[in-house]
Each structure stands twice: as C-alpha cells, then as structure tokens.
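Taking it in order: structure first as structure tokens, then the write-up.
Quick caveat, the model's predicted, so the values are computed rather than measured. Order of listing sets the numbers, starting from 1, for every ligand and every atom in it.
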Amino acid sequence: MALQAPTLADLDLEGKRVLVRVDFNVPFDDQRHITDDTRIRAALPTLAAIRERGGRPVCLCHLGRPKGQVKDELRVDPIGARLSELAGCEVVKLDESTGDAVRAAIEGAPEGAIVLLENVRFHTGETKGDDDLARQYAELGDVFVNDAFGASHRDHASVSGIARHLPSAAGLLLHKEVDAFGRVLNDPARPFVAILGGAKVSDKLQVIDNLLDRVDAVLVGGGMAYTFLAAQGHSIGGSLFEEDQLELCKAALAKAAERGVELALPEDHVIAERFAADAPAEVSAVDIRDAWLGLDIGPATRERFAARIRAARTVVWNGPMGVFEMPAFRAGTEAVGAALGEAEGYTVVGGGDSVAAIHLLELEEAVDHISTGGGASLELLEGKDLPGISALGTRS
Ligand code: ADP
Ligand code: MG
C-alpha cells in the first residue's frame with residue numbers, strides 16, 4: 001500500500017497564501033462553549049511552521065453536519081476566537097469560504113494573522129467533492145496543505161479536491177499519522193500483533209482481513225468476538241451477535257489458519273444478566289449460559305492477550321475489549337492498555353472509543369502514537385488509500 005505524501009519542506013511558502021485544511025470539528029456544550037480544543041491544538045505546529053517560513057495561513061474547516069445550508073449555530077467564530085488565544089496571534093474569521101470578497105479580505109489581512117474561512121459544509125458541493133467548488137477554494141491560495149487527518153478518508157472538495165488545482169503537501173499532523181501507519185503496515189518489526197475489539201464485527205472484518213496478510217497474531221475481544229465464537233459453535237447467550245457476518249467470520253478463521261496466523265478469541269468472559277453498570281457480574285468460561293451477556297474479556301484471556309502484547313515488537317490496537325464505559329466491564333481494556341505500556345515495541349492506537357479509553361485510563365504515556373482520526377485510521381487498517389492523502393502532490 002502506498003502511504004506517503006510530500007511534506008511541508010517540499011513547498012515554497014515565502015510570501016505565499018497557504019490554504020490549510022484543518023480538522024477543527026470540536027465538541028460544544030449547550031452554551032456554545034468549546035468543551036475540548038484538542039483538535040485546534042493539534043494544528044498549531046503546522047500553522048506555526050507555515051508562518052515561520054513566511055507563509056500566510058488560510059484555514060478551511062468543517063463543523064458538524066449543516067448539509068449544505070448556512071446554519072448560524074454551526075458558524076466557526078468560536079473556533080476562531082480559541083485559535084487566536086492558542087496561536088497567540090490575530091485570527092481574521094470570514095463569513096464565507098469562497099468568492100471575490102473573501103479573496104480581497106485575504107489580500108487585506110494584516111501581516112502575521114491567520115485567516116479562518118467559514119464552515120465549508122455550508123456549500124452543498126463540499127461533501128459531494130464538487131470540482132468546481134474545489135477550484136473556487138483554490139483561487140484563494142497559492143499552495144495547499146492538508147493537515148486534517150481525521151477527514152482524509154473523505155473525497156470532499158476541501159480535503160482532496162484542492163490538491164488537483166494547487167501544489168500541495170501534508171501538514172505536520174497528517175505527516176505524523178502517515179508515518180505511524182506506514183511503519184506499522186509496510187515495515188513492521190516482528191512479532192506484529194493486532195488487537196481488535198469494539199461493538200460490531202461488521203465494522204472490523206475488513207480490517208481483520210487486511211491485517212491477516214501482515215501480522216503474526218490478531219487478538220479479538222469486545223462485542224465483535226461473540227459472532228466469531230458463535231461461528232466456532234460456542235454458546236454466546238445474549239451477547240452481541242451479527243448473524244449475517246457468520247460466514248465472513250468463518251472465512252477469516254480459515255484464512256488465519258491457512259496463513260499460520262494466530263487468531264485468538266476470548267477463552268473466558270465477564271458476564272452480566274443485563275446491560276447495566278450495576279448488574280451483578282461474574283466470570284464465565286468460554287460458553288455463556290442462558291441469556292447472559294458477555295461484556296468484557298475474562299481474567300485468563302486478559303493474561304494471554306497481555307503476554308502476547310508484551311512480547312510484540314509492533315502493536316496496533318483498535319476497539320475496546322469490553323464495555324469500558326462501565327467500571328465493572330473495564331478490566332479487559334485496562335489490561336490490554338497496561339500491556340501496551342510494557343511492550344518494548346512500537347505501539348499505535350486508533351479508533352474514537354479506543355482513544356477515549358486511553359484517556360479515561362490515563363494511558364497516554366503507554367503508547368507511541370495515538371491517532372487523531374477514527375474513521376480515517378480504520379480505512380488505513382483496511383488497506384484503503386485515503387483520498388485526502390493520495391491527492392497530495394499530484395499537481396505541481
Ligand atoms: P472504536 O471507536 O475504538 O473503533 P467501536 O466504536 O468499534 O470502537 O466500539 C466501541 C464500543 O464497543 C464501546 O462503546 C464499548 O462499550 C462497546 N463494546 C465493547 N465490548 C462490548 C461488548 N462485549 N458488548 C457490548 N458492547 C461492547
Ligand atoms: Mg467508535
């Protein structure tokens with residue numbers, strides 16, 4: 001899989017208007033206050049590097065799902081205000097993202113300022129990848145930098161489209177992500193172990209299929225493990241089950257056997273009578289009784305998975321091992337996270353909920369790379385090329 005892109009160093013930035021696609025899709029509370037500005041902070045190194053090299057950053061971003069309509073509550077003014085505080089410079093926030101007035105405002109922006117354009121998803125053409133819209137954005141800049149890893153699996157006008165019209169490169173954040181996944185997928189130190197979990201096996205079978213060609217072991221936990229266990233003839237009680245995925249699970253098991261790759265499934269569980277934080281929980285052997293639900297991997301599985309992880313030299317993790325949001329079903333995710341911290345090798349975590357678990361368990365120091373893109377990282381693990389990355393450098 002090709003996973004490389006031109007970098008900032010490949011672009012001449014001096015005196016140039018630099019269009020930068022950033023991921024500023026931050027969460028807000030009811031009072032329109034930003035509750036987590038991690039994504040804004042993540043773009044600061046790229047913006048600083050552009051300014052240091054004499055470039056004039058013009059940021060494009062999306063917020064929420066306005067579906068091609070102007071929605072006042074999805075205007076990006078609060079993001080501009082926070083960006084100004086964090087970057088320590090003036091931010092000129094404009095109320096549109098295309099057109100002559102925007103172009104003139106960019107020309108007139110003071111030296112040293114960052115320009116922030118309005119929510120690009122106010123245009124209907126944005127999510128359709130409309131090339132005419134991409135050309136209109138491109139008229140506002142001289143070069144294009146994509147730093148929005150979290151949006152790079154989208155073939156949208158401001159993500160992949162602009163690179164068809166301007167010289168382009170990856171920003172520092174995108175570059176870090178590309179490096180991390182490239183190292184794991186293309187050149188892993190062995191043993192290479194993948195840990196997969198989460199709710200739905202249908203979300204992750206493509207990932208398993210692709211990784212089976214690359215890894216030495218796949219450890220499967222979480223809700224997705226139960227369809228696999230059912231495929232092996234185990235009783236899974238009332239645990240998560242996707243009947244239409246049974247055959248694909250069997251095919252994955254067969255592929256693993258053929259390749260000599262270990263596909264490890266839970267050998268015990270933490271089960272409960274109902275899906276609730278206060279439901280009495282107990283440990284179960286591999287076969288689950290009656291209608292009880294498997295909500296976490298059990299102690300023997302935790303130990304086996306942890307031993308595999310500690311001995312690995314490359315580890316990639318996507319998907320929690322249990323319902324980690326509830327303390328009673330957190331031990332599996334915690335054990336896997338702790339083992340990552342003890343592994344000497346290179347460790348990468350991707351996936352929205354997996355990253356949330358890392359923060360909840362304060363395991364940030366335990367992993368080498370925490371991906372900023374849930375959907376984007378999944379598609380990379382599926383072996384797909386991301387449009388926002390492959391478009392870079394196609395035009396000089
Ligand atoms: P990610 O966002 O990291 O890719 P997913 O979205 O695939 O992860 O899955 C995360 C969700 O899976 C969590 O909300 C977690 O509670 C749920 N989950 C994990 N194990 C189980 C289980 N055994 N039964 C039900 N839900 C589970
Ligand atoms: Mg998720």
- line: Of all the N, O or S atoms in D353, the one nearest to the Mg ion (ligand 2) is OD2
Present, as a list of atom pairs with distances to 0.1 Å, all nitrogen or oxygen contacts under 3.5 Å between ligand 1 and the protein.
from	atom 1	to	atom 2	distance (Å)
ligand 1	2 (O)	G352	N	3.3
ligand 1	2 (O)	D353	N	2.8
ligand 1	2 (O)	D353	OD2	2.9
ligand 1	3 (O)	D353	N	3.4
ligand 1	3 (O)	S354	N	2.8
ligand 1	3 (O)	S354	OG	2.5
ligand 1	4 (O)	K204	NZ	3.2
ligand 1	6 (O)	D353	OD2	3.0
ligand 1	7 (O)	K204	NZ	2.8
ligand 1	9 (O)	A199	N	3.2
ligand 1	12 (O)	A199	N	3.1
ligand 1	14 (O)	E325	OE2	2.5
ligand 1	16 (O)	E325	OE1	2.7
ligand 1	16 (O)	E325	OE2	3.4
ligand 1	20 (N)	G223	N	3.1
ligand 1	23 (N)	G223	N	3.4
ligand 1	23 (N)	G294	O	3.0

message: Count I, L, V, M, F, W, Y as connected when their side-chain heavy atoms are under 4.5 Å apart, and connections chain through other members. Are V315 and I358 then in the same cluster?
response: yes
- prompt: When rounded to the nearest 0.5 angstrom, what is the spacing between CG in D100 and CG in L140?
  reply: 9.5 Å
task: Ignoring hydrogens and angles, state whether a donor on the side chain of E177 or H369 is under 3.5 Å from an acceptor on the partner side chain.
output: yes
- prompt: For the side chain of D95 and the backbone of E118, is there at least one donor-acceptor N/O pair under 3.5 Å apart?
  reply: no
- prompt: Can you say whether the rings of H269 and Y226 are parallel (under 30°), tilted (30 to 60°) or perpendicular (over 60°)?
  reply: tilted
query: So is R32 actually on top of F28's ring, under 6.0 Å and inside 45° of the axis?
result: yes
